Number of protein chains: 2
Amino acid sequence: MSDKFDCLKIENQLCFPLYACSKEIIKRYKPFLDEIDLTYTQYIAMLILWEEKKTTVKELGTRLYLDSGTLTPLLKKLEAKGFIERKRSDKDERNLIVKLTNKGEELKEQAVQIPDKMSCCVKLGKDEARQLYSLLYRVLGLLSE
Amino acid sequence: MSDKFDCLKIENQLCFPLYACSKEIIKRYKPFLDEIDLTYTQYIAMLILWEEKKTTVKELGTRLYLDSGTLTPLLKKLEAKGFIERKRSDKDERNLIVKLTNKGEELKEQAVQIPDKMSCCVKLGKDEARQLYSLLYRVLGLLSE
DNA sequence: TACAATTATATTGTACACAATTTAATTTTA
DNA sequence: TAAAATTAAATTGTGTACAATATAATTGTA
């Protein structure tokens, strides 16, 4: 009943539900993020900035698993929308400082409702969510070893 | 110690490790997929075709959670590489039939080594992998309700 | 201290990903 | 059965992703 190609069946691959789940969840964010004029990637960049107020492209890249090829144009868009400022560090001109503006800070007040709206969307139990959360971070840990 | 903005901390968001994990795992596939001249998305499309031999864009989209805007150019590339054929259905000319070629069938022999190589890369225990797998499919199920 | 190596960001090119729209074929229905 | 609705792909436009390369600043070292 089983052959050497079973491993290639899509239902035997862990990567696929991961990929699909990630995309489908992000899709559910769209209507909420549209209201505050952010894409998903812009949103997670803002999450870091709402915590840190000020950071660098390098630091953002490390935290978000993104490189400058993705971040440079994205941050220019956030700057054009007035949510952040970009300027080179005086100490070390290689570093680009990314800083929240007042408008960016104010956006936090609207964004604060999003996690609640989303958890209504994904009706996973508290325990299951916690379990999923720790498994995912465990994989991320294993990958960065 | 906690305030109303805690929910916006990136470590309190389930979506983020999902997004990051998905991307990081896909990155690990790249060296293996490069050897057989496939991208990750092309690979999962081939997974379906290796199972079904023949399908439609619609069916592929349903199985892979992708739309024609992604699939049309992707399938044209797979056709250009000689792995598949694309032709309209005689029964219903709206449907585009996607069919594995001999070359596409032969590629399966090389691809069969990939899942093993990948599981070496991600050293998650059998139980944990199973747990993660079922949680992810549970979320996908909840999302499609 | 010149110069080689490293580091941080930006740029270029390719490939998704998806919303919105268009086109063409088929089905439903008035 | 002709027009309306639906369906399946394709197209268009915007926004990531990321590898590879380039550029400029800083650091390490012979």
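Note that this is a predicted model, so its numbers are computed, not measured. In what follows, chains are A, B, ... by sequence order, proteins preceding strands, each numbered from 1.
Residue B:Lys58 has no polar side-chain atom (N or O) positioned under 4.0 Å from OP1 or OP2 of D:dA10. Residue B:Arg86 has no polar side-chain atom (N or O) positioned under 4.0 Å from OP1 or OP2 of D:dA8.
Atom P of nucleotide D:dT14 and atom CG of A:Asp34 are separated by 15 Å, given to the nearest angstrom. With rounding to whole Å, A:Lys77 atom NZ is found 14 Å from C:dA10 atom P. Here the P atom of nucleotide D:dC18 and the CG atom of A:Leu71 are 10 Å apart, to the nearest Å. The distance from atom CZ of A:Arg88 to atom P of D:dA25 is 9 Å, rounded to the nearest whole Å. Atoms CD1 (A:Ile97) and C1' (C:dA8) sit 11 Å apart, rounded to a whole Å. Distance A:Lys76 NZ to C:dA10 C1': 7 Å, rounded to the nearest Å. Taking atom NZ of residue A:Lys87 and atom P of nucleotide C:dT9, one finds them 13 Å apart after rounding to whole Å. In this structure, B:Arg28 atom CZ and D:dA19 atom P are separated by 10 Å, rounded to whole Å.
Taking the ring centre of A:Tyr65 as origin, the terminal cationic atom of B:Lys23 falls outside the region bounded by 6.0 Å and 45° from the ring axis.
Atom NZ of B:Lys54 sits in a sparse spot, with 12 or fewer heavy atoms from other residues, nucleotides or ligands closer than 6.0 Å. In B:Asn102, the CG atom is not crowded: 12 or fewer heavy atoms of neighbouring residues, nucleotides or ligands sit closer than 6.0 Å.
Residue A:Val57 has its side chain nearest to C:dA10 when only C:dC16, D:dA9, C:dA10 are considered.
Using a cutoff of 4.0 Å between basic side-chain nitrogens and carboxylate oxygens, A:Lys103 and A:Glu85 are not scored as salt-bridged.
Between B:Ala45 and B:Leu78, the shortest heavy-atom contact is CB-CD1, 4.3 Å.
To the nearest 0.5 Å, atoms CD (A:Glu128) and CG (B:Leu135) are separated by 6.0 Å. One finds the OG1 atom of A:Thr56 at 8.5 Å from the CG atom of A:Leu96 (value rounded to the nearest 0.5 Å).
With DNA chain C read from its 5' end, the first of the two nearest nucleotides for A:Thr56 and B:Gln42 is the one closest to A:Thr56.
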The contact string for nucleotides 17-27 of chain C, one letter per nucleotide 5' to 3', using protein heavy atoms under 4.0 Å with B, S and - for base, sugar-phosphate only and none, comes out as BBB-----BS-

